[in-house]
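Within every chain, numbering begins at 1; the chains are lettered A, B, ... in the order of the sequence lines, protein sequences first and strands thereafter.
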Amino acid sequence: MNLKDFLNEEQYEAVTTIDGPLLILAGAGSGKTRTITYRIAHMIKDLEINSYQILAITFTNKAAKEMKERVRSLIGQVAENMWISTFHSLCVRILRREIEKLGYTKSFTIYDFYDQKTLVKQCMEILKINTDNFEVSEVIRKISNYKNKFIKPSEAISQEAGYREKIFAKIYELYENKLHENNSLDFDNLIFKTIELFEKFPDVLAFYQSKFKYIMVDEYQDTNYSQYYLVKLLALKYKNICVVGDDDQCIYQWRGADINNILDFEKDYKDTKIIKLEKNYRSKANILNAANKVILNNLRRKDKVLRPINSDGEKLKLFKAGSAEEEALFVVNEILRIMKSKGYEYKDFGILYRTNSQSRIFEEIFVKHQIPYKLIGVVRFYERKEIKDIIAYIKTVVNPNDEVSLRRIVNEPKRGIGDATIDKLFEYAEQNGITLFDSMVACGEISTISTRTSNTIKEFVNIIFELREEKELKTSEFIKLVLKKVGYIDFLKNSKDSEAQTRLENIEEFINAAVNFEDLNYGASIDEFLENITLISEVDKYDEASSSVTLMTLHSSKGLEFPVVFMVGMENGIFPSNKCFDEVDEMEESRRLCYVGITRAKDILYFTYANLRMVYGETNFRTKSKFLTEIPRDLIVDINFDGDEKIVQKNESLTKFGKFSYDQKFNEPSKIKNNISKDEIKIGRKIKHKTFGNGMIVKIEDNVDDVKLYVAFDNNGVKKLLLDKAPIEFI
DNA sequence: TAATAGGATATTTTT
DNA sequence: TATCCTATTA
Ligand SMILES: Nc1ncnc2c1ncn2[C@@H]1O[C@H](COP(=O)(O)OP(=O)(O)OP(=O)(O)O)[C@@H](O)[C@H]1O
């Protein structure tokens, strides 16, 4: 391959350094992912390394898929046996082969957050823990923390000293036992159990160590301890390990990512070669410079160089909206405007926000104005109630031990098996050391259950038994069979649920998804289908080819790029969130998130915020984000609703709060150019504008919080300007 | 046991 | 505001 045609010198060096530990530490848009991709292609095509020996780990399934496709097009052939995947998919793949060694069966189910929640609640009930003092979500976070640090339940119990901590550890232990009983793993367990497997069975580890002679990890800054440890185990034999990342883009500390994994890499691996990529290929210079300036405010970081190769481009634009609605309307307006004037398409726009809840208003307004959009959100398709119900049926059929799923569907649709009955069944199961399902089979033996109820239970059990006979059906056929046997469709049709129609449509779509899956994965089993839908994430459905604008959180945007980016809701309390103001670490992580957001933009970057916004059903005043004040003034310009320039400097005599205005205290010190007093501003007065040149004031609007000037420019017609903000001088 | 009403509670971020 | 949970009643 003619690598030098596609890579700069440093990238080239990284691609051709194959042996030994290699750290590529580089800023946003410097071509890190590109470098890994070419590195893989180079290994296979030029060095004739067997693709079987390569392992590449990406952050999302989407990134993995893309990398696979890129590599394929570079080497001109399919490399089927190459492992490019996320940590989670990698581990599932290993565990599906080996998990019997750990006492699970191969048809284990993967629990998502909601299943996890149900199970934790159960555990807390069993341990009689008062939910007033211990919140379920807090417990889940705690348990997740243990697993991210590879702390086993027994270790947690012996290590924890505090009263609350001891209780957390206890729940953790019971939760783990329950998971095992249910033959299930949660997300974190996928990694945890893989490590456990490697520790307990050195021969298995040795096999994978020999197999993966070359290992690459993208987005390494966001790995947690367990992931780090897993990689370390795998790389131990050959030490051909290449990690790539940017410490300034570490945005998942809250879920256990440890920035030190990347910072201490060289301490961990002797003779590490470090390569820095210092050219940014993605963004216009103004955008990049703003990003660089913002991140400079983080004190705990390694300084690095990132130079633009692109021209300045347009200045960053800031719009202050009166309300959240206006904010969304502005975005619509701008999208349409610059599509027309600059020829962008819908797919060129990314709208990024801090919290998922912010997307709603945008959806509403986009629908109203017929802007095609794609929402990358948290309420995933597969998490809708009706879909989860069907999945729970499938899981119950596939994995007889899965109690969480069983409980979910035992009375869904309502068939008269209520809480009281379930408690009785549960008790019986406990006493006899059998599973809940088995106690249902034996429900005739339980004297406290009426014959009528026990008949209903038997009916249900029979449905499951009959379905188990049909496991070998194609997934889509199987789903249809479930629906038929259970009578789910009729149940929905007859229900008064106002959403029944949508639910039916969703089920329709679910079946389509299954058909789709079968087409793509010929002969795949139902287990594989389940796994696929549990591990698939939201960003994975982002498709840059589709002709719609994209709505997503800043977190999801990591690794992507858009010609035009809107960062919306730039308000203190939202971004950065209130918590950040108490904790430096949180603030710095937030700032990194801001850095990530800014650097997604290639050509044009907008910031918006709303003066008034409803939060929790209460409308309150907002102030503009602290991060905005960290952007140098000469890189950003205030614009009005129609996208015309408004701002730049402050006029001292008109500031309401005396010499040190609020803005001056919290923003970059603004230059005060004129000592003009209010009564000197009158119609007929000559002024000079930074971009529009000389002109004369023709009208003055004195509002409560700003003064609007209508200025007739000698060469630019009449413009509306804000006295406060416009870059004007009085002459 | 099922359905409903009223109250508490939440918004970070996700594989 | 919207959702989720609990307690009450039919
Ligand atoms: N040598 C190069 N020549 C031309 N374009 C390049 C080069 N290197 C990178 N690019 C382009 O720059 C953009 C950013 O590349 P890439 O996504 O690989 O960067 P990254 O460092 O992984 O970014 P991030 O850290 O933001 O995820 C891409 O559009 C890529 O095609």
Side-chain angles (χ1 to χ4, degrees), chain A residues 57-64 85-92 110-114 116-117 121 131-132 135-137 140-141 144 147-148 185-192 219 222-224 226-227 250-257 324 352-361 376-380 383 385 410-424 449-450 452-453 456 495-497 531 533-540 552-558 569 571 573-580 583 586-587 589-590 592-594 596-597 613-619:
Chain A
I57 295 174
T58 60
F59 200 70
T60 62
N61 295 294
K62 170 90 176 26
S85 72
T86 61
F87 272 107
H88 296 270
S89 306
L90 163 76
C91 290
V92 173
I110 302 168
Y111 278 177
D112 66 11
F113 178 74
Y114 297 92
Q116 215 178 329
K117 215 167 147 182
K121 262 191 223 159
T131 35
D132 293 346
E135 218 151 311
V136 179
S137 58
I140 290 180
R141 212 174 320 127
S144 184
K147 294 190 191 178
N148 288 334
L185 303 181
D186 64 19
F187 280 128
D188 300 318
N189 255 0
L190 294 173
I191 290 155
F192 193 97
E219 308 279 13
D222 273 324
T223 51
N224 61 38
S226 290
Q227 293 166 332
C250 173
I251 55 175
Y252 284 96
Q253 258 171 5
W254 54 272
R255 75 171 198 210
L352 311 181
Y353 39 81
R354 180 61 229 278
T355 65
N356 280 293
S357 56
Q358 289 169 259
S359 67
R360 233 197 54 207
I361 184 82
I376 312 288
V378 271
V379 191
R380 311 204 225 139
E383 277 163 13
K385 185 188 170 298
V410 73
N411 203 26
E412 195 66 54
K414 301 274 175 282
R415 49 170 75 85
I417 310 175
D419 287 343
T421 311
I422 292 174
D423 284 346
K424 285 175 203 160
I449 293 178
S450 70
R452 216 181 78 196
T453 330
T456 334
S495 86
K496 286 179 289 199
D497 185 350
E531 179 182 308
I533 59 182
T534 328
L535 289 185
I536 212 81
S537 77
E538 273 293 296
V539 237
D540 298 331
M552 65 169 118
T553 61
L554 286 156
H555 280 90
S556 312
S557 75
K558 189 169 72 156
E571 294 151 31
I574 292 181
F575 188 45
S577 76
N578 283 325
K579 269 213 184 104
C580 298
E583 296 215 25
E586 297 245 6
M587 183 58 91
E589 176 146 320
S590 238
R592 290 194 290 272
L593 189 57
C594 186
V596 168
R613 183 187 297 272
M614 183 143 73
V615 184
Y616 300 130
E618 244 179 302
T619 306

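In terms of modelled atom types and a separation under 3.5 Å, the side chain of N411(A) and the main chain of I417(A) share a donor-acceptor contact.
For the pair S556(A) and dT13(B), the criterion of a side-chain N or O lying under 4.0 Å from OP1 or OP2 is not met. N411(A) has a side-chain polar atom (N or O) that falls below the 4.0 Å cut-off from OP1 or OP2 of dA2(B). Remark: N356(A) is in phosphate contact with dT14(B), judged by side-chain N or O atoms under 4.0 Å from OP1 or OP2. Distances shorter than 4.0 Å separate none of the side-chain N or O atoms of T60(A) from OP1 or OP2 on dT15(B).
Comparing dT14(B), dT15(B), dA10(B) against the side chain of Y252(A) picks out dT14(B) as the nearest. The side chain of K414(A) lies closest to dA3(B) when the candidates are dT13(B), dT11(B), dA3(B).
Between I533(A) atom CD1 and dT15(B) atom C1' the separation is 16 Å, expressed in whole Å. Distance, E412(A) CD to dA3(B) C1': 13 Å, rounded to whole Å. Atom CD1 of I422(A) and atom P of dT1(B) are 9 Å apart (whole Å). When rounded to the nearest whole Å, the span between CG of D188(A) and C1' of dT15(B) equals 8 Å. Put simply, CD on Q227(A) is 12 Å from P on dT15(B), counting in whole angstrom units. Summarising the geometry, the separation between CD1 on I376(A) and C1' on dT15(B) is reported as 15 Å, rounded to the nearest angstrom. Taking atom CZ of residue F59(A) and atom C1' of nucleotide dT13(B), one finds them 11 Å apart after rounding to whole Å. Following rounding to the nearest Å, L554(A) (CG) and dT13(B) (P) show an atom-to-atom distance of 11 Å.
One finds the CD atom of E219(A) at 13.0 Å from the OG1 atom of T86(A) (value rounded to the nearest 0.5 Å).
E135(A) comes within contact range of the sugar-phosphate backbone alone, with a heavy-atom separation under 4.0 Å but no base atom that close. Residue T355(A) is classed as a sugar-phosphate contact, given heavy-atom separations below 4.0 Å to backbone atoms only. Using a 4.0 Å heavy-atom distance criterion, S590(A) is classed as making no nucleic acid contact.
By the side-chain contact (heavy atoms from CB on, under 4.5 Å) test, E586(A) pairs with K579(A), C580(A), E583(A), sequence neighbours left out.
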query: Can you give one letter per nucleotide of nucleotides 1-8 of chain C, 5' to 3': B if a protein heavy atom sits under 4.0 Å from the base, S if only from the sugar-phosphate, - if neither?
result: BS--S---
